[in-house]
Amino acid sequence: MISRDDCARRDAADTLAPLRDQFMLPEGVIYVDGNSLGALPRATPARVAAAVQQEWGGGLIRSWNDAGWITLPQRVGDRIGALVGAKPGECVAADSTSVNLFKVLSAASRIVKADSDPLTRIARAGGAGAPARRVIVSERQNFPTDLYIAEGLCRDLGWSLELLEPAAIVERLSQGRGADVAIVMLTQVNYRTGALHDMAAMTALAHAAGALAVWDLAHSAGALPVDLNGADADFAIGCGYKFLNGGPGAPAFVWAHPRHADRFWQPLSGWMGHAAPFTFRPDYQPAPGIARFLCGTPAVLSLTALECGVDTLHAADALGGMAALREKSIALTETFIALVDERCAPLGFAVASPRDARVRGSQVSLTHAASDGASHGYAIVQALIERGVIGDFRAGTAADAHGPALPDILRFGFTPLYLRFVDVHDAVEHLVQVMQAGEYREARFNRRSAVT
């Protein structure tokens, strides 16, 4: 048995414990949902207020130059890039995850079309006479927005989107069966289960099949070490409001490998992606490198908040950086799994995330099998929230042409910057009490809200 005293001793020995002081955490709340929305950094309110009152209020339009507003996408992008294995000048912060995914998938599709043309003399994997590459392969349980964006692009291009389980993706790309695959689009950490892909291995497999590899880092950037250049990835996008603590609706980020960055325009050729936006020329000339993946005017206040969030992660640089955060993340999730096995398995709970920490992100998902056969996952999460334990719920799906039915998921994210081992212990204790008292059966916990 793991006692609360055991957890308190681990907290006392935790060299990363001071990082918790960077955040404004409500009294009496155990926040295990940083994988959906990171907690508020203490520095953010004052920094955003200064941007509003001094830079906007006092500086007015002069602040585009005087306060450096115009370079915020690049400055914040470089700070994020340092966390995900990008070199300076390779990453920018802008727009949303969905918009950035459309940009990079479109750019990747244009590269594929060019490289498949014998006239270019640079055809990959097969050369002239090879099958046309018109398939995007992704994981069936990939986050829906990624699938929706890819589906829309495929419709416009006359391509097809194939949704497969991870093992089937490996098979699809092996033994010459990937000659028609243009792009492999994966999220490094699965949003439902927390399963972690081997980015380097999957990228190498895609390249061996002649395809490009596009990665979504929404659940890995800021949660675990990522090395885009080391993995030789082609494109990547990611979210600013989860583990990067940038605030609700924070700008996302986009990265392109330098070998691709200058090859094609991205489809949203807005003025900030122009080589010289303030010449006001009527014709578009793309900026060099990653700057061409910008589009409209930078969202100054949101980027200011995001910069504060990214700073909370760089505060760990002197304490071991992302490697140290990953070590603590694994320890937190291992503790949670052990406590669930001890206390919650008899109550119908099972761990839906990989038990091997090497292939698990910074979250643990549970399923619940009720004796009455009904699904109570949503109500259980709502009862926990009422007690101050904030996780979230993700609905399952029925069986379809792509695979069997998926169960409802109770999802718990473990942000090592501010979560303690006693929080993990207490969260499980609250879960046990919710079940033993039958609190989840109350009508108020069974009324679905718009956001789950």
Side-chain angles (χ1 to χ4, degrees), residues 1-8 11 25-37 39 141 190-195 332-355 360 362-399 404-415 418-452:
M1 295 289 291
I2 299 173
S3 71
R4 196 176 194 279
D5 286 343
D6 294 332
C7 291
D11 287 329
L25 297 164
E27 188 70 28
V29 168
I30 299 171
Y31 194 61
V32 279
D33 207 13
N35 53 320
S36 278
L37 175 65
Q141 295 189 53
N190 183 275
Y191 84 103
R192 283 178 53 84
T193 66
L332 290 167
T333 55
E334 294 280 81
T335 301
F336 182 77
I337 289 172
L339 286 166
V340 166
D341 286 344
E342 290 174 4
R343 307 289 311 284
C344 303
L347 301 172
F349 290 96
V351 175
S353 299
R355 288 181 174 271
R360 185 179 66 241
S362 198
Q363 73 181 63
V364 178
S365 298
L366 305 179
T367 58
H368 181 250
S371 57
D372 59 6
S375 175
H376 299 292
Y378 176 80
I380 293 168
V381 169
Q382 298 311 302
L384 282 171
I385 292 172
E386 177 77 6
R387 286 170 160 264
V389 180
I390 303 178
D392 65 21
F393 168 82
R394 291 295 177 258
T397 58
L406 300 174
D408 290 346
I409 290 291
L410 295 79
R411 199 171 66 153
F412 302 90
F414 297 85
T415 304
Y418 50 78
L419 204 66
R420 302 169 301 189
F421 288 93
V422 292
D423 295 327
V424 175
H425 180 278
D426 292 349
V428 174
E429 178 60 28
H430 279 290
L431 179 56
V432 170
Q433 292 178 16
V434 162
M435 301 307 296
Q436 289 179 341
E439 294 171 14
Y440 65 94
R441 298 187 183 277
E442 295 182 28
R444 60 192 176 119
F445 297 139
N446 286 274
R447 288 190 290 267
R448 296 281 178 111
S449 298
V451 177
T452 63

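For this chain, numbers begin at 1 and follow the sequence in order.
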Checklist entry - Relative to Y378, does R448 satisfy both conditions: NZ or CZ under 6.0 angstrom from the six-membered ring centre, and within 45 degrees of the ring's axis? => result yes
Measure the [atom1]-[atom2] distance between [X] and [Y] for me, rounded to the nearest 0.5 Å.
{"X": "I337", "Y": "T335", "atom1": "CD1", "atom2": "OG1", "result": "9.5 Å"}
{"X": "R394", "Y": "S36", "atom1": "CZ", "atom2": "OG", "result": "4.5 Å"}
{"X": "M1", "Y": "E342", "atom1": "CE", "atom2": "CD", "result": "5.0 Å"}
{"X": "L384", "Y": "F445", "atom1": "CG", "atom2": "CZ", "result": "9.0 Å"}
{"X": "L339", "Y": "C7", "atom1": "CG", "atom2": "SG", "result": "6.0 Å"}
{"X": "L332", "Y": "S362", "atom1": "CG", "atom2": "OG", "result": "7.0 Å"}

Measuring only between side-chain heavy atoms, which start at C-beta, is [X] closer than 4.5 Å to [Y]?
{"X": "R192", "Y": "S353", "result": "no"}
{"X": "R4", "Y": "E429", "result": "no"}
{"X": "E439", "Y": "R387", "result": "yes"}
{"X": "F336", "Y": "I2", "result": "no"}
{"X": "Q141", "Y": "T193", "result": "yes"}
{"X": "T367", "Y": "F349", "result": "no"}
{"X": "I380", "Y": "L431", "result": "yes"}
{"X": "Y31", "Y": "L419", "result": "no"}

Checklist entry - Do R411 side-chain atoms and D392 backbone N/O form a donor-acceptor pair below 3.5 Å? => result no
Next on the checklist: Between H376 (side chain only) and N446 (backbone N and O only), is there a donor and an acceptor less than 3.5 Å apart?
Outcome noted: no
Checklist entry - Is the shortest side-chain N to carboxylate O distance from R355 to D341 below 4.0 Å? => result yes
Checklist entry - Out of M435, Q382, E386, which one pairs with Y440 under the side-chain contact (heavy atoms from CB on, under 4.5 Å) rule? => result M435
